[in-house]
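The structure appears below as structure tokens.
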Amino acid sequence: MRDITETTDFSAMLDFLKDQEFAYIDEHKDILDWSIGFKFINKDKTLGYVWLYALAEEDNNYLTHMCIDKKYQGRVLTKHIVNKFYSLAYGYGADVLKAEQINKKLINLYKRIGWQKTSENSCEIKLPYLWRTQHGSS
């Protein structure tokens, strides 16, 4: 069964990001261990990661980053996983999740799971949030 779980194995996360040729690896390689990390899994297989950095200038706002294995893209973000992630993030005190400097394809993905576009290259979601349908309506 596909699931999401918290992780503190930032070495494994970094290896995964390198294997996936994550475009922003240089910006993250030295600060991953400052993040709150979550791993997408299916049994013992890692499908990807999502991680959060607290924004010092904005209480309870977190910058969100995600990398899913290219082989599993489009098959990981189920209703169960998305809602569990939102619940886990909210449990850490996140009132707002933000994604910045992302392309139109990622904005469309985030919009499908309940986020709102806030600028040409960013979007956010206010928590708590329950994603009920494939279309992200609340």
Side-chain angles (χ1 to χ4, degrees):
M1 179 175 142
R2 291 187 182 119
D3 204 358
I4 185 172
T5 184
E6 186 174 353
T7 185
T8 56
D9 189 349
F10 299 108
S11 176
M13 184 188 300
L14 183 58
D15 289 343
F16 179 89
L17 296 176
K18 288 176 183 175
D19 289 345
Q20 293 298 310
E21 300 174 352
F22 184 65
Y24 305 103
I25 191 76
D26 289 338
E27 290 90 337
H28 293 274
K29 65 183 177 185
D30 295 328
I31 61 171
L32 275 178
D33 57 349
W34 296 350
S35 72
I36 301 167
F38 303 95
K39 178 168 60 169
F40 301 116
I41 57 172
N42 187 5
K43 298 179 183 163
D44 61 347
K45 177 77 174 158
T46 299
L47 307 177
Y49 290 90
V50 60
W51 62 103
L52 312 173
Y53 298 110
L55 293 171
E57 68 276 4
E58 299 178 53
D59 288 343
N60 302 346
N61 284 232
Y62 288 78
L63 198 54
T64 307
H65 302 276
M66 181 171 49
C67 180
I68 296 175
D69 188 315
K70 293 172 183 96
K71 296 179 293 212
Y72 300 102
Q73 289 179 1
R75 300 182 294 167
V76 173
L77 300 179
T78 65
K79 184 168 66 169
H80 163 75
I81 288 174
V82 169
N83 286 331
K84 186 172 179 181
F85 168 65
Y86 291 159
S87 178
L88 290 166
Y90 187 68
Y92 267 97
D95 290 332
V96 177
L97 300 178
K98 297 182 176 201
E100 297 178 345
Q101 302 306 314
I102 58 176
N103 61 36
K104 183 178 178 179
K105 180 180 175 185
L106 283 175
I107 287 177
N108 289 337
L109 167 67
Y110 282 112
K111 285 172 56 178
R112 282 196 301 274
I113 58 174
W115 296 55
Q116 302 296 313
K117 184 175 178 179
T118 55
S119 75
E120 185 68 27
N121 297 89
S122 64
C123 57
E124 70 179 29
I125 189 167
K126 292 178 178 27
L127 299 178
Y129 186 87
L130 183 61
W131 183 48
R132 296 190 180 142
T133 70
Q134 285 184 310
H135 304 294
S137 61
S138 56

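- With a 4.5 Å cut-off on side-chain heavy atoms, Phe85 and Met66 do not count as touching.
- With sequence neighbours excluded, the residues satisfying side chain to side chain contact (heavy atoms under 4.5 Å, CB included) with Glu100 are Leu63, Lys98, Ser122.
- Minimum heavy-atom separation, Thr7 to Asp9: OG1-N, 3.1 Å.
- Here the closest heavy-atom approach between residue Leu97 and residue Thr64 is recorded as CB-OG1, 3.5 Å.
- Side-chain atoms of Asp19 never come within 3.5 Å of backbone atoms of Leu17 as a donor-acceptor pair (strictly under, hydrogens ignored).
- Taken from SG in Cys67 to CD in Glu21, the straight-line distance is 10.5 Å, to the nearest 0.5 Å.
- For Ile36 against Tyr62, the heavy-atom pair with the smallest separation is CD1-CE2, 3.7 Å.
- Judged by distance alone, the side chain of Arg2 and the main-chain N or O of His80 form no donor-acceptor pair under 3.5 Å.
- Between Tyr86 and Tyr129, the two ring planes are perpendicular [angle over 60°; tilted spans 30° to 60°].
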Could you check Leu109 against Lys105 for side chain to side chain contact (heavy atoms under 4.5 Å, CB included), going step by step and ending with a plain yes or no? CA-CA 6 Å; Leu109 167 67; Lys105 180 180 175 185; over 6 Å; no

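- The heavy-atom pair separating Ala99 from Trp115 by the smallest distance is N-CZ3, 3.7 Å.
- In this structure, Leu77 is a member of the same hydrophobic cluster as Leu88, with clusters built from ILVMFWY side-chain heavy atoms closer than 4.5 Å.
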Begin with the C-alpha distance, continue with both residues' side-chain angles, and end with the deciding distance and a verdict on side chain to side chain contact (heavy atoms under 4.5 Å, CB included) for Lys45 and Lys71. CA-CA 12 Å; Lys45 177 77 174 158; Lys71 296 179 293 212; 4.1 Å; yes

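- Note: Phe38 CZ to Lys84 NZ = 10.0 Å, rounded to the nearest 0.5 Å.
- In Lys104, the NZ atom is not crowded: 12 or fewer heavy atoms of neighbouring residues, nucleotides or ligands sit closer than 6.0 Å.
- You'll find the side chain of Lys39 stays beyond 4.5 Å of the side chain of Met13, heavy atoms only.
- With hydrogens and angles ignored, the 3.5 Å screen pairs no side-chain donor or acceptor of Lys29 with any backbone N or O of Leu14.
- Separation of atoms CD1 (Ile113) and CD1 (Ile125) is listed at 7.0 Å; rounding is to 0.5 Å.
- When every heavy atom of Glu124 is checked against every heavy atom of Thr118, the shortest pair comes out as CG-CG2, 3.5 Å.
- Clustering ILVMFWY residues whenever any of their side-chain heavy atoms sit less than 4.5 angstrom apart, transitively, puts Phe40 in a cluster other than the one holding Phe10.
- Between the CD1 atom in Ile102 and the NE2 atom in His65 there is a gap of 10.0 Å [rounded to 0.5 Å].
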List the atom pairs, donor and acceptor, that lie under 3.5 Å between side-chain atoms in residues 46-55 and the rest of the protein, sequence neighbours left out.
| unit_1 | atom_1 | unit_2 | atom_2 | d |
| --- | --- | --- | --- | --- |
| Trp51 | NE1 | His28 | ND1 | 3.3 |
| Trp51 | NE1 | Tyr53 | OH | 3.4 |
| Tyr53 | OH | His28 | ND1 | 2.8 |

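- Between the side chain of Asp3 and the backbone N or O of Ile41 there is no donor-acceptor pair closer than 3.5 Å.
- Considering CZ of Phe16 and CG of Asp69, their distance stands at 4.5 Å, rounded to 0.5 Å.
- Here the CD atom belonging to Glu120 is positioned 11.0 Å from the CG atom belonging to Asn103, to the nearest 0.5 angstrom.
- Residues Leu106 and Ile25 fall into different hydrophobic clusters, defined by Ile, Leu, Val, Met, Phe, Trp and Tyr side chains chained together at heavy-atom separations under 4.5 Å.
- Within a 6.0 Å radius of CD in Gln116, no more than 12 heavy atoms belonging to other residues, nucleotides or ligands are found.
- For Asp95, the side chain to side chain contact (heavy atoms under 4.5 Å, CB included) criterion is met by Asn60, Tyr90, not counting sequence neighbours.
- The two atoms that bring Cys123 and Lys117 nearest to each other are CB-CA, 3.8 Å, heavy atoms only.
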